[in-house]
Amino acid sequence: MPEPFPSDFVWGAATSAYQIEGAVREGGRGESIWDRFAQVPGAIEDGSSGDPACDHYHRFGQDVQLMADLGLGAYSFSVAWPRVLPRGRGAVNNAGLDYYSRLVDALLAAGITPHLKLYHWDLPQALQGWGGWDNRDTAKAFADYTEAVARRLGDRVSHWTTHVEPWCVAFLGHYFGIHAPGIRDLDTALQATHHLLLSHGWGVQVLRDWLPVEVQVGIGLNFEPTYPARDREADLAAARRYDGFFQRWFLDPLAGRGYPEEMWDLYGPAVPEMEPEDLDVVAQRIDFLGVNYYNSATVADDPGAEPLRVRRVPNPDRERTADREISPEGLNDILMRLYQEYEFPAFYITENGAAFEERPSGDGAVHDEGRCRFLQAHIAQAARALEQGVPLRGYFCWSLLDNFEWSKGYTIRYGITYVDYATQTRTLKDSALWYRDFIQGVAPL
Ligand code: FCB
């Protein structure tokens with residue numbers, strides 16, 4: 001194992017159901033909010049949808065083999081709620097659970113540990129009809145869905161994540177309106193946040209009830225360590241507000257501190273409604289925090305930009321991927337901060353990766369040098385954190401495959417494996433080959 005990573009450090013790759021599975025009308029699957037949202041003209045940059053994406057539903061055997069060839073120790077995937085409960089609640093669709101059961105068995109047979117995520121954004125459309133995450137009943141439905149999955153897969157899956165990036169669900173989906181369900185309303189976004197966190201708490205309780213004690217349970221958040229544009233009080237205060245909006249609004253209640261007071265004041269009448277016991281439910285003990293990291297944020301004070309009065313400013317010193325600035329040191333900053341300011345027992349980097357516009361070259365290979373450098377630079381920052389004492393247990397690269405990148409459709413590619421969507425051929429990019437060799441200890445950072 002490459003220094004300074006311990007021999008039990010987990011090297012994996014991550015995906016999500018809607019982005020790779022396709023087969024949206026097979027196996028009794030119900031409609032999800034992303035199936036519906038993708039039909040809205042202009043919602044997806046290239047007019048596409050998650051059907052058929054990588055056709056992973058039919059090709060998972062081949063994809064598990066690919067992971068085995070790369071020497072991955074773990075695979076982080078999500079279960080599609082509408083496959084398990086086509087209408088969000090009520091009768092369980094066993095064919096949907098059978099599919100994930102086969103996937104889990106294939107992983108275990110290949111010596112790959114399944115890390116299962118319950119919610120990566122594909123809410124059953126039927127629940128959206130009742131208000132979706134704005135409705136407290138959706139959090140209850142999530143607990144029932146969690147139970148259905150736990151009862152079926154709990155004997156074989158050791159690592160469980162309730163939610164992935166609830167910030168994106170709440171704000172991209174309900175405030176900026178660029179993700180499903182496409183709502184633009186602050187009250188709804190904040191209420192959705194609360195119901196997402198509440199459903200996490202109830203989900204953890206259900207998992208603890210149904211699963212063996214040694215099973216590891218956590219949640220995955222996305223982070224944007226935030227820096228002021230200039231060293232002046234107005235920008236420092238703006239950075240604190242953006243941090244409250246992006247990080248602490250989720251971290252603090254999970255850590256038992258309630259919602260950050262200054263954000264509560266700032267949001268004024270838009271703050272969520274809640275029941276007296278909710279904050280205790282949200283603050284369930286978890287075994288790990290999943291850290292999804294892509295970029296940092298540089299911000300300036302902007303009195304006109306309600307409600308946060310913050311403007312993101314580009315940092316011209318930074319190189320860029322197809323869609324973001326590159327700032328590897330932000331990964332170390334956020335890990336150190338989480339370690340020093342919060343008492344989570346362990347961390348996984350549950351997503352980290354980059355999009356570029358590469359294509360296969362004449363020799364058939366995909367020379368994605370930019371992604372190789374990106375992964376190396378970020379893994380080096382993870383190594384620094386480990387050396388400084390952070391209880392970091394694993395690293396999952398986003399993503400195993402090129403896939404449906406939400407509102408950007410298929411216009412950008414995050415995979416370490418190139419997918420030719422016309423033929424569904426997979427080609428390992430140079431970054432995948434480097435990752436394989438690095439994991440084996442034969443390629444340096
Ligand atoms: C993350 C999402 C993931 C993918 C990457 C690029 O925020 O969790 O599904 O879109 O960004």
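Just so you know, these numbers come straight off a predicted model, no measurement behind them. Read the numbers this way: they start at 1 and go in the same order the structure lists the ligands and their atoms.
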field: Pair Trp11 and Phe438, ring centroids less than 6.0 Å apart
entry: yes

query: Can you list every salt bridge (Lys or Arg N to Asp or Glu O under 4.0 Å) pair that touches residues 413-433, not counting sequence neighbours?
result: Asp63-Arg426, Glu358-Lys429, Asp402-Arg413, Asp402-Lys429

- prompt: side chain to side chain donor-acceptor pair (under 3.5 Å): which pairs involve residues 171-181, sequence neighbours left out?
  reply: none

message: Side chains of Arg393 and His159, heavy atoms from C-beta outward: is any pair under 4.5 Å?
response: no

- prompt: Relative to the ring of Phe250, is the ring of Phe171 parallel (under 30°), tilted (30 to 60°) or perpendicular (over 60°)?
  reply: perpendicular

Pick out the protein N or O atoms lying less than 3.5 Å from any N or O of ligand 1, and list each pair with its distance.
unit_1, atom_1, unit_2, atom_2, d
ligand 1, 7 (O), Glu165, OE1, 2.5
ligand 1, 7 (O), Glu165, OE2, 3.1
ligand 1, 8 (O), His120, NE2, 3.2
ligand 1, 8 (O), Glu165, OE1, 3.0
ligand 1, 8 (O), Glu165, OE2, 3.3
ligand 1, 8 (O), Glu351, OE1, 3.0
ligand 1, 8 (O), Glu351, OE2, 3.1
ligand 1, 9 (O), Gln19, OE1, 2.7
ligand 1, 9 (O), His120, NE2, 2.9
ligand 1, 9 (O), Trp406, NE1, 2.9
ligand 1, 10 (O), Glu405, OE1, 2.9
ligand 1, 10 (O), Glu405, OE2, 3.0
ligand 1, 10 (O), Trp406, NE1, 3.0

field: For Glu26, all residues meeting side-chain contact (heavy atoms from CB on, under 4.5 Å), sequence neighbours excluded
entry: Ala23, Tyr57, His58

